[in-house]
Participant: 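The structure that follows is given in the form of structure tokens.
The sequence lines fix the lettering, A, B, ..., with proteins before strands; numbering per chain opens at 1.
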Amino acid sequence: MTIEQRQQEIIEEFALFDDWMQKYEHIIELGKELPVISAEYKTDDNIIKGCQSRVWLHAEMLNSGVVHFTADSDAIITKGMIAMMIRVLSDQAPEDIASADLHFVNEIGLHQHLSPTRSNGLLSMIKQMKFYSLAFQAKNNG
Amino acid sequence: MTIEQRQQEIIEEFALFDDWMQKYEHIIELGKELPVISAEYKTDDNIIKGCQSRVWLHAEMLNSGVVHFTADSDAIITKGMIAMMIRVLSDQAPEDIASADLHFVNEIGLHQHLSPTRSNGLLSMIKQMKFYSLAFQAKNNG
Amino acid sequence: MTEYSIERIREQFPILNQQVNNRPLVYLDNAASNQKPNAVVDCISNYYTSYHANIHRGAHHLAQLATEAYENARTIIANHLNAHREEIIFTYGTTDGINLVAQTWGRKNLKQGDRIVISGLEHHSNLVPWQMVAEENGCIIDIIPVLSDGTLDMAVYDQLLEKKPKLVAVNQVSNSLGTVNPIGEIISKAKNINACVLIDGAQAVSHFEVDVKQLDCDFYVFSGHKIYGPTGIGVLYGKKAILEAMPAWRGGGEMIKSVSYQSFSVNELPYKFEAGTPNIADGIALGRAIEFVNSLGLNAIRAHENLLTKTATQRLLEVPGMRLIGTAAEKTSVISFLIDGLHPYDVGTLLDQLGVAVRTGHHCTEPLMNALGIPGTIRASFACYNTLKEVDIFIEAVKKASQMLS
Amino acid sequence: MTEYSIERIREQFPILNQQVNNRPLVYLDNAASNQKPNAVVDCISNYYTSYHANIHRGAHHLAQLATEAYENARTIIANHLNAHREEIIFTYGTTDGINLVAQTWGRKNLKQGDRIVISGLEHHSNLVPWQMVAEENGCIIDIIPVLSDGTLDMAVYDQLLEKKPKLVAVNQVSNSLGTVNPIGEIISKAKNINACVLIDGAQAVSHFEVDVKQLDCDFYVFSGHKIYGPTGIGVLYGKKAILEAMPAWRGGGEMIKSVSYQSFSVNELPYKFEAGTPNIADGIALGRAIEFVNSLGLNAIRAHENLLTKTATQRLLEVPGMRLIGTAAEKTSVISFLIDGLHPYDVGTLLDQLGVAVRTGHHCTEPLMNALGIPGTIRASFACYNTLKEVDIFIEAVKKASQMLS
Ligand SMILES: Cc1ncc(COP(=O)(O)O)c(C=O)c1O
Ligand SMILES: Cc1ncc(COP(=O)(O)O)c(C=O)c1O
């Protein structure tokens with residue numbers, strides 16, 4: 001599935017919810033289901049420090065040429081948001097990740113979580129995901 | 001005449017004027033008529049520096065026990081105001097000067113010239129006049 | 001004193017009357033910044049629509065009106081603090097005021113090896129400016145430790161004073177925990193060893209009457225936006241003799257007596273510390289804000305806030321896993337808490353969805369949070385306009401959020 | 001571009017529609033501070049009555065709205081100056097901005113024996129801060145002299161550059177005389193010898209488009225209240241690399257990345273230089289003020305002001321003893337003058353009685369007045385909302401005052 005198709009999938013999923021409470025319950029669920037990042041990657045090196053919550057992000061280039069992300073956060077709602085980011089961006093080609101427009105966040109009404117004012121680390125995480133992808137891409141082409 | 005009587009005199013004088021123009025023409029006239037301060041007193045020592053206009057003030061204690069003031073300014077309206085201050089306060093007993101309430105300025109509608117914001121030196125001049133009087137009084141009593 | 005009518009008070013704060021996420025707004029982020037009554041907002045509009053002009057030195061009518069209003073605000077503030085007019089310096093906020101003192105009094109008087117005592121409860125704004133001077137001049141900063149209930153360890157304070165610090169800088173009230181510090185005792189003990197004392201009153205002025213003469217502190221600072229006044233304005237009180245001996249900080253128009261291309265001489269107090277065109281509108285409006293609190297009466301405000309705080313604190317304990325952070329006997333209307341297993345950010349996010357505005361995080365007291373071994377707290381804080389009904393909504397919202405997250 | 005409709009513009013400035021001393025107000029003190037359109041005033045009221053909260057780090061709705069509006073204002077300003085967002089530092093005014101640069105870049109980079117070039121036209125705010133650093137660090141200040149027409153002696157500037165100054169700090173437009181300085185030439189010559197350049201744009205921003213990238217200056221500063229915005233807010237533009245290399249100035253909340261009791265690390269740009277709760281309301285309103293000038297168009301404003309200035313200048317020459325101070329070919333809408341034998345204060349006082357607001361005195365350029373051998377001037381300055389009718393009233397008032405005083 002392309003990044004766009006995955007975004008559409010999430011948008012449809014969220015269309016089922018009648019109110020914000022169901023929506024947040026779902027995000028919390030997603031947060032709980034996020035595969036645990038392996039301990040070796042939950043290091044200070046991989047930390048993205050928001051003021052409100054912290055995010056750990058690890059990226060690796062698989063042999064198949066796609067970028068694989070694992071991540072974690074100390075806050076569960078942030079973690080739920082991370083789960084969606086990973087679902088959309090992980091295991092995609094680096095050039096697609098780098099150029100992705102994550103419009104689904106707006107469409108499911110959660111754009112406020114990506115506001116710089118939240119300082120929950122999410123915005124920096126997306127920047128960092130794109131940055132990794134660019135780096136892998138450069139290395140591939142180099 | 002007491003300080004109060006002199007103030008009343010000025011208030012009555014100004015009551016004759018129909019508009020601000022006559023009033024200011026009169027002040028300008030008073031400014032022009034102010035006896036020249038003698039050159040020996042128009043020194044940097046005696047200067048009271050407002051931002052807008054400068055004032056020179058000299059005070060001396062006469063044998064009769066009253067304080068005699070002479071003063072000058074580079075601005076003619078300030079000088080006119082000075083003329084009135086001198087008319088009211090000069091040649092009075094130091095204790096009367098020190099405790100004088102110069103309500104006439106308000107009553108003739110010129111209080112704005114005594115506002116600290118004008119920084120024309122007038123307010124500082126009055127302070128200085130009272131300060132001299134207190135000093136002379138202390139010396140007398142001492 | 002007239003009766004404390006919460007309806008009549010709330011009428012003056014139109015911002016409170018709105019829906020957030022389809023729920024009535026319950027604004028409990030007052031320790032970060034409280035809301036402004038109509039009188040303050042109208043004061044600003046009225047200034048700009050009828051008598052704005054640059055102040056001082058202006059010989060024209062509008063300049064005169066603006067100057068009088070601005071200087072009148074200074075007088076209101078001076079009277080409120082029991083200070084002299086020349087001792088009231090308009091700043092741009094608490095942070096600006098503390099930096100002013102650190103960069104003038106501090107850089108001049110704090111020498112190599114000198115000690116500075118601050119408390120473990122300080123806001124970054126009463127810590128970083130001293131770290132800057134300490135680094136430049138080679139001084140040592142000592143911290144009065146915080147006990148587990150959020151009060152200061154006064155026994156250690158006594159020991160620190162034995163090292164003869166040059167400066168003691170503490171807040172009157174902790175913004176993170178609400179602890180009211182014993183500043184009377186702190187000041188008098190510091191004065192015994194001739195230390196200079198700065199009190200950060202940012203969190204105090206909207207709850208307590210402050211008499212700087214009686215306190216006998218050397219400096220007292222606060223922000224307008226924490227006492228129902230506008231942002232961008234604050235006050236530094238300083239004892240006249242100390243202010244006179246201090247070098248100027250910002251150079252420019254208004255703070256000078258005379259300037260040549262070669263040198264300048266400084267103006268008299270308070271102008272010496274007020275370079276450039278000041279924040280005229282907000283200075284005038286701060287005067288109005290102080291009249292507003294005085295019209296309600298700070299004692300009446302505090303009584304009302306105490307009722308809300310006591311009720312909310314008791315009811316919070318109904319929530320499973322509730323952990324109150326800061327349980328000093330003397331507190332203002334700040335309640336900081338954690339819920340076992342839940343991250344403050346998650347709780348704050350769900351409270352916001354429920355219309356309840358609280359603050360989460362370290363509240364600009366990162367070292368305190370580290371000392372307490374917590375990542376931050378959820379902080380609710382009440383002001384004169386909050387109601388018992390809002391306490392109810394708040395408690396229900398905390399319960400709901402806690403449920404959803406568990 | 002739409003037609004320049006003075007009626008529609010004046011409707012937006014209710015303050016202009018009043019009587020002073022029973023005469024219609026003619027406000028010609030715009031170089032000191034211009035008036036604010038309704039859009040700016042309403043922006044402030046609207047902020048306080050609907051979405052005030054402390055910004056950044058707030059997880060709740062109002063904090064989010066306030067932060068977005070404040071950061072959006074920063075973007076408007078960045079676009080207006082052709083700068084990047086991180087290069088736009090909110091200050092409290094021109095004076096605050098220049099002091100920031102002097103106390104950070106200046107104290108760090110200006111060493112014993114280093115030379116600073118400023119012009120003889122500078123406002124005290126672009127002189128005293130450098131005198132302070134020069135005194136502390138042992139630097140030498142060189143002055144570009146002012147010629148009799150109020151322009152700078154560029155030949156001497158070339159000579160001063162031969163001494164390899166570290167810094168050139170000049171205003172784009174003189175507040176006392178209205179002279180427009182050749183800053184393009186000043187900057188490029190300074191850049192040839194790798195001097196740092198600060199431009200004081202206080203008097204320029206309400207008349208000219210400014211493109212800091214094209215100018216290639218290192219710093220550009222201005223005040224909100226001189227571009228139809230509120231008091232208490234200003235802007236410092238700095239090149240990113242230079243801002244990054246500069247130490248922080250005010251310490252406190254928001255400007256830090258992380259703090260312990262022992263030390264702190266600084267936040268990224270622009271926050272590194274924005275300690276404490278900023279002037280949120282006025283920052284947002286400054287963005288609105290810039291939208292206002294752009295809605296009229298700075299070229300259209302300047303064309304209108306030029307017409308007023310030209311007309312008034314010609315007609316002033318009808319007054320016996322008229323002496324224009326500052327007759328540069330390139331001027332903004334400032335007319336400074338003296339009348340033989342009359343003191344500026346007297347003329348200003350009578351003009352005020354006639355409803356005409358002008359400024360008199362040294363205009364915070366005392367050294368310039370001394371260099372010109374005059375005690376000060378009478379200064380009339382026009383803004384976008386002044387009219388030819390007001391020029392008439394002004395001229396008649398000057399004649400009347402002159403008559404009364406002669
Ligand atoms: C050229 C110039 N520089 C600096 C300033 C100082 O600006 P502010 O007083 O707003 O800080 C002014 C205005 O007074 C000015 O005209
Ligand atoms: C105790 C305390 N000190 C200092 C500050 C800093 O105040 P401001 O951000 O208004 O400069 C605050 C508020 O944030 C505070 O609560």
Participant: Which answer fits D/Pro14, side chain, backbone, both or neither, if we ask what part of it has an atom under 4.5 Å from a heavy atom of chain C?
Facilitator: both

Participant: Is C/Met255 close to D/Val128 at the side-chain level, that is, under 4.5 Å between some pair of heavy atoms?
Facilitator: yes

Participant: May I ask you to check whether D/Ser50 and C/Gln18 show a side-chain donor-acceptor distance below 3.5 Å?
Facilitator: no

Participant: Write down the atom of C/Ser260, the atom of D/Gln131, and the distance for their closest heavy-atom approach.
Facilitator: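 Heavy atoms only, the tightest pair is O-NE2, 2.9 Å.
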
Participant: Report the C-alpha separation of C/His225 and D/Ile280 in whole Å, then their side-chain angles, then the decisive distance to 0.1 Å, and conclude whether the side chain to side chain contact (heavy atoms under 4.5 Å, CB included) test is met.
Facilitator: CA-CA 10 Å; C/His225 74 96; D/Ile280 309 168; over 6 Å; no

Participant: If you take all heavy atoms of D/Leu62 and C/Gln35, which pair is closest and at what distance?
Facilitator: CD1-NE2, 4.1 Å

Participant: Tell me, side chain or backbone of C/Pro278 under 4.5 Å from chain D's heavy atoms, or both, or neither?
Facilitator: backbone

Participant: Which region of D/Arg107, side chain (C-beta onward) or backbone (N, CA, C, O), has a non-hydrogen atom less than 4.5 Å from a non-hydrogen atom of chain C, or is it both or neither?
Facilitator: side chain

Participant: Nearest 0.5 Å, please: how far is OG1 in D/Thr49 from CG in C/Asp42?
Facilitator: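 Separation between the atoms: 9.5 Å.
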
Participant: Tell me which of these, C/Ile44, C/Thr95, C/Thr94, has more heavy-atom pairs under 4.5 Å with chain D than the rest.
Facilitator: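 Max contact count across the listed options: C/Thr95.
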
Participant: Just so I understand: if I count every heavy-atom pair under 4.5 Å between each of D/Arg250, D/His61, D/Lys36 and chain C, which residue has the most?
Facilitator: D/Arg250

Participant: Which one wins on heavy-atom pair count under 4.5 Å against chain D: C/Thr360, C/Asn21, C/Leu351, C/Leu368?
Facilitator: C/Leu368

Participant: Return the option, out of D/Asn99, D/Val358, D/Leu100, with the maximum number of heavy-atom pairs under 4.5 Å with chain C.
Facilitator: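 Result: the option with the highest number of such pairs is D/Asn99.
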
Participant: If you check every heavy atom in residues 22-31 of chain D against those of chain C, which residues fall under 4.5 Å?
Facilitator: D/Leu25, D/Tyr27, D/Asp29

Participant: Indicate whether the side chain of C/Tyr48 and that of D/Thr231 have a donor and an acceptor atom separated by less than 3.5 Å.
Facilitator: yes

Participant: Under 4.5 Å heavy-atom distance to chain C, tell me which part of D/His123 shows up: side chain, backbone, both or neither.
Facilitator: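 Side chain only.
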
Participant: Of all the heavy-atom pairs spanning D/Gly253 and C/His124, show the shortest one and how long it is.
Facilitator: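 Residues D/Gly253 and C/His124, closest heavy atoms: N-CB, 3.9 Å.
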
Participant: For D/Gln103, is it the side chain, the backbone, both or neither that has a heavy atom under 4.5 Å from a heavy atom of chain C?
Facilitator: side chain

Participant: May I ask you to name which of D/Asp352, D/Asn370, D/Ile233, D/Val259 has the most heavy-atom pairs under 4.5 Å with chain C?
Facilitator: D/Val259

Participant: Closest heavy-atom contact between D/Ser45 and C/Ser45?
Facilitator: OG-OG, 3.1 Å

Participant: Which atoms form the tightest heavy-atom contact between D/Lys257 and C/Glu366, and what is the distance?
Facilitator: O-OE1, 4.1 Å

Participant: Using 0.5 Å steps for rounding, measure from the CG atom of C/Asp282 to the CG atom of D/Asp282.
Facilitator: 4.5 Å

Participant: Under a 4.5 Å heavy-atom cut-off, does chain C meet the side chain of D/Gln12, its backbone, both or neither?
Facilitator: neither

Participant: Which value, rounded to the nearest 0.5 Å, describes the distance between D/Leu127 atom CG and C/Gln262 atom CD?
Facilitator: 9.0 Å

Participant: Heavy-atom pairs under 4.5 Å with chain D: which of C/Ser125, C/Gly232, C/Pro367, C/Gly252 has the most?
Facilitator: C/Pro367

Participant: I need the residue from C/Ala248, C/Ala32, C/Ala371 with the largest number of non-hydrogen atom pairs under 4.5 Å to chain D.
Facilitator: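 Result: the option with the highest number of such pairs is C/Ala32.
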
Participant: As an exercise, state the distance from NE2 of D/His52 to CD1 of C/Ile15, rounded to the nearest 0.5 Å.
Facilitator: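 If I round to the nearest 0.5 Å, the distance is 7.0 Å.
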
Participant: Is it the side chain or the backbone of C/Ser258 that comes within 4.5 Å of chain D heavy atoms, both, or neither?
Facilitator: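 It is both, since atoms from each part get that close.
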
Participant: Locate the shortest heavy-atom distance separating C/Ile143 from D/Tyr261; write the atom from each residue and the value.
Facilitator: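 Shortest heavy-atom separation between C/Ile143 and D/Tyr261 comes out as CD1-CD2, 3.6 Å.
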
Participant: Taking side chain as everything from C-beta outward and backbone as N, CA, C, O, which of these in C/Ala102 sits under 4.5 Å from a heavy atom of chain D? Side chain, backbone, both or neither.
Facilitator: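 Contact with chain D involves no heavy atom of C/Ala102 at all.
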
Participant: What part of D/Trp130 is in contact with chain C, defined as an atom under 4.5 angstrom from a non-hydrogen atom: side chain, backbone, both or neither?
Facilitator: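 Neither the backbone nor the side chain of D/Trp130 comes within 4.5 Å of chain C.
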
Participant: Please determine whether side chain to side chain contact (heavy atoms under 4.5 Å, CB included) holds for the pair D/Met132 and C/Phe264, giving the CA-CA distance in whole Å, both sets of side-chain angles, and the decisive distance to 0.1 Å.
Facilitator: CA-CA 9 Å; D/Met132 288 171 151; C/Phe264 68 93; 3.9 Å; yes

Participant: Quick check on the interface: out of C/Tyr47, C/Tyr51, C/Trp249, who has the most heavy-atom pairs with chain D under 4.5 Å?
Facilitator: C/Trp249

Participant: Heavy-atom pairs under 4.5 Å with chain D are the metric here; pick the option from C/Ala53, C/Ala134, C/Pro247, C/Gly120 that has the most.
Facilitator: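 Winner by heavy-atom pair count: C/Gly120.
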
Participant: Chain C: which of D/Gly276, D/Cys364, D/Ala275, D/Ser263 shares the most heavy-atom pairs with it under 4.5 Å?
Facilitator: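 Of the candidates given, the most pairs with chain C belong to D/Ser263.
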
